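As structure tokens, the structure follows; a few thoughts come after it.
Residue indices begin at 1 and follow the sequence shown. Since we're looking at a predicted model, the values are computed, not measured.
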Amino acid sequence: MLFSNRCKDDIGFGQPGVPEDDRVTMDAVPDKLPWLLLPHDTQCESLKFYDLSRNKVHERNLPEVLLGGVSVEVSRGWLAIAKEGQYIRDTKYSSYLSFKPIPDTEIYLFNPLSGAIHQLPSLSTLVPYYYSFVTNCIFNMGGFNVAEFIRRVELSSADPSKSIIALKFNEFEANNCGNLALCRLGDKCWSIFPRETNRDIEFRDILFYNGDLCVLSIKIEHVETHIFKLAEDDEVRIKFIPVSNAGRNPFIEIEHSRHDIAIIKHVYYEPYLVESVNGELLIILAHNVCYLYHDEDEEEERLYEDDDDLESFYDEEGDIEEGDFERFYCKVSGFSVYEVGPNAGMILRSVQSLSDQLIFLTSGGRSVSVPAENLPCGIQRNCIFFLENDNCFSEVSGDGQKREEMLLRRVSRESGICYLESGRIERLFPSFNRLLKCKVGWFTPSP
């Protein structure tokens, strides 16, 4: 309740709900629990963090070079700040640019405790994906949101100078398979992992574990290992780990709560990689229930007629087809936890309890695990704190105004606590349909 009351105005982009006396100066005292990076926009001059251990909100001014930027990822005590750069034009990729300049995006690593800043290669070096994504977004939706392009930034070490930085980025299509690029500090461009044209490997969550970059993929059945060379002949071993066995749903259920609403269970899950406090590699699946809203009678009739024929609602890969509904809302319904083999191999067992740890899960950065001992008052063990960042956009037919209205109405964003022993879920904030330019995540203080 304290958490919700103190942060609800900031989450909703309202007036700051934190008394002046509570806006403390950030210190370098190690914290047992991570801090929550609160939402912000490109006009902000400072970032706010909610400290669960102290029940405080810390505020940190942005350096001048980062003004106009927003945080798009959190990893190992560093924020990835994206800032719009100069407009660029390149006739070599005229099919993507249509001979019109587009904004470049600069990426920085920023430590809000020490103030250290490191610049990474700009997104324009992700050829041709960045060009294609930006121009498609501008043409189809009237604007470009870099938080939708960057899906994850992962550091192999808390010291960027000794780290390999991995970037999982999006393509234009909603719910696409994504792609992967890597670099080191000082590199002029990102090194893009080569996608095989004859197969479709999906890039879900990523995590550096025991020196390897582990990548969750739904569309493979066995562990695959690739040696990838960066600039200066650096090598990274990448392990693709299948989650199909753990994530395969036994059946899909369709219910009808009203004449215009269909509830679909076991239709969607989101996998996460987490390193436990004991050093095990965990896969956590967030299960979702999808609510479909039909606005036309003929669509509603079709839904009832085709209950026994799920292919009418899903394509061959199990995804909901566009055009079958006007709006949807995805809601977290529970979590499953699995332990992976010591060499990041196949899944060993299902984990029924996290008695010795808490998990802080986010789609806005690196998920973390902390020991469940000497916890602050009100924080229980064996829980998963979860944050959802996805704006869930997709193209909608109609004129520009209608497309924007539909885009806002189709957003769902979940944040809360799941008590694994009972399965009960408390939602810290109501979902809101404001498109985020930034990402919220769990920040681990590291001076």
Side-chain angles (χ1 to χ4, degrees), residues 2-4 6-7 10-11 30-39 47-58 71-80 112-113 152-155 158 205-209 216 270-287 332 334-339 351 353-390 413-421 424-429 438-446:
L2 288 173
F3 183 30
S4 178
R6 284 176 177 264
C7 295
D10 285 309
I11 290 289
D31 287 68
K32 180 173 292 294
L33 301 178
W35 298 351
L36 172 63
L37 172 63
L38 297 176
L47 301 177
K48 296 176 184 177
F49 304 81
Y50 178 74
D51 182 344
L52 281 77
S53 299
R54 300 180 178 87
N55 193 28
K56 297 282 188 178
V57 172
H58 305 294
S71 178
V72 290
E73 281 292 305
V74 185
S75 180
R76 293 186 183 271
W78 294 85
L79 308 181
L113 286 177
R152 280 280 278 112
V153 176
E154 168 71 355
L155 279 67
D205 201 11
I206 61 176
L207 185 79
F208 276 104
Y209 177 74
L216 284 181
E270 187 66 32
Y272 299 86
L273 280 170
V274 183
E275 183 175 359
S276 76
V277 295
N278 303 314
E280 300 100 350
L281 183 62
L282 303 177
I283 295 177
I284 299 182
L285 299 183
H287 302 275
V332 174
F335 293 88
S336 299
V337 183
Y338 300 89
E339 181 182 337
V351 177
S353 174
L354 298 171
S355 57
D356 61 342
Q357 60 190 310
L358 297 175
I359 300 293
F360 290 82
L361 211 64
T362 178
S363 59
R366 185 184 178 98
S367 299
V368 296
S369 172
V370 299
E373 56 185 22
N374 302 320
L375 294 173
C377 180
I379 304 295
Q380 298 183 26
R381 61 178 59 234
N382 198 24
C383 296
I384 295 178
F385 289 71
F386 61 94
L387 298 171
E388 176 61 62
N389 283 274
D390 289 343
R413 190 174 292 105
E414 291 276 304
S415 299
I417 308 171
C418 177
Y419 301 91
L420 287 182
E421 184 174 356
R424 181 170 62 91
I425 291 179
E426 290 182 2
R427 283 168 172 80
L428 299 179
F429 315 105
C438 66
K439 287 185 182 176
V440 295
W442 299 111
F443 171 74
T444 304
S446 178

Test ring pair (Phe, Tyr, Trp, His ring centres under 6.0 Å) applied to Phe335 - qualifying residues, sequence neighbours left out: Phe386
Gap separating the OG atom of Ser363 from the CD atom of Glu73, nearest 0.5 angstrom: 8.0 Å
CG-NE2 distance between Leu37 and His58, expressed to the nearest 0.5 angstrom: 12.5 Å
Beyond-backbone contact of Leu36 with Trp442, side-chain heavy atoms, under 4.5 angstrom: yes
Pair Lys439-Thr362, side chain to side chain contact (heavy atoms under 4.5 Å, CB included): steps then yes or no: CA-CA 10 Å; Lys439 287 185 182 176; Thr362 178; over 6 Å; no
Ser276: partners by side-chain contact (heavy atoms from CB on, under 4.5 Å), with sequence neighbours left out: Asn278, Glu280, Leu282, Gln357
Smallest separation among heavy atoms of Leu52 and Pro34, with atom names: CD1-O, 3.6 Å
Spacing of Ser369 atom OG and Leu354 atom CG [to the nearest 0.5 Å]: 7.5 Å
Test side-chain contact (heavy atoms from CB on, under 4.5 Å) applied to Ile283 and Val337, Leu216, Asp205, the passing residue: Leu216
Any Pro112 side-chain heavy atom under 4.5 Å of Phe443 side chain: yes
Shortest non-hydrogen separation from Gly441 to Val74 and the atoms involved: CA-CG2, 4.3 Å
Side chain to side chain contact (heavy atoms under 4.5 Å, CB included) assessment of Trp78 paired with Val153: CA-CA 10 Å; Trp78 294 85; Val153 176; over 6 Å; no
Where Pro271 and Leu285 come nearest, the two heavy atoms and their spacing: CB-CD2, 3.6 Å
Side-chain heavy-atom pair Phe385, Ile379 within 4.5 angstrom cut-off: yes
Phe360 side chain near Leu33 side chain, heavy-atom distance below 4.5 Å: yes
From CA spacing to verdict: side chain to side chain contact (heavy atoms under 4.5 Å, CB included), Tyr50, Val440: CA-CA 11 Å; Tyr50 178 74; Val440 295; over 6 Å; no
Closest non-hydrogen atom pair, Pro39 against Cys438: CA-SG, 3.7 Å
Test log, rule side chain to side chain contact (heavy atoms under 4.5 Å, CB included), inputs Glu275 and Phe208: CA-CA 9 Å; Glu275 183 175 359; Phe208 276 104; over 6 Å; no
Check: Glu426 side chain, Gly416 main-chain N or O, donor-acceptor pair, under 3.5 Å: no
Nearest atoms (heavy-atom pairs only) where Asp356 meets Val277: O-CG2, 4.0 Å
All side-chain contact (heavy atoms from CB on, under 4.5 Å) counterparts of Ser75, not counting sequence neighbours: Glu154, Leu155, Arg366
Rounded distance [0.5 Å steps], CG in Leu420 versus CG in Asn382: 5.0 Å
Pairwise side-chain contact, Tyr419 with Cys383, heavy-atom cut-off 4.5 Å (strictly under): yes
Ile284 vs Ile384 side-chain heavy atoms within contact, under 4.5 Å: yes
Residues, nucleotides or ligands: over 12 heavy atoms within 6.0 Å of Glu421 CD: no
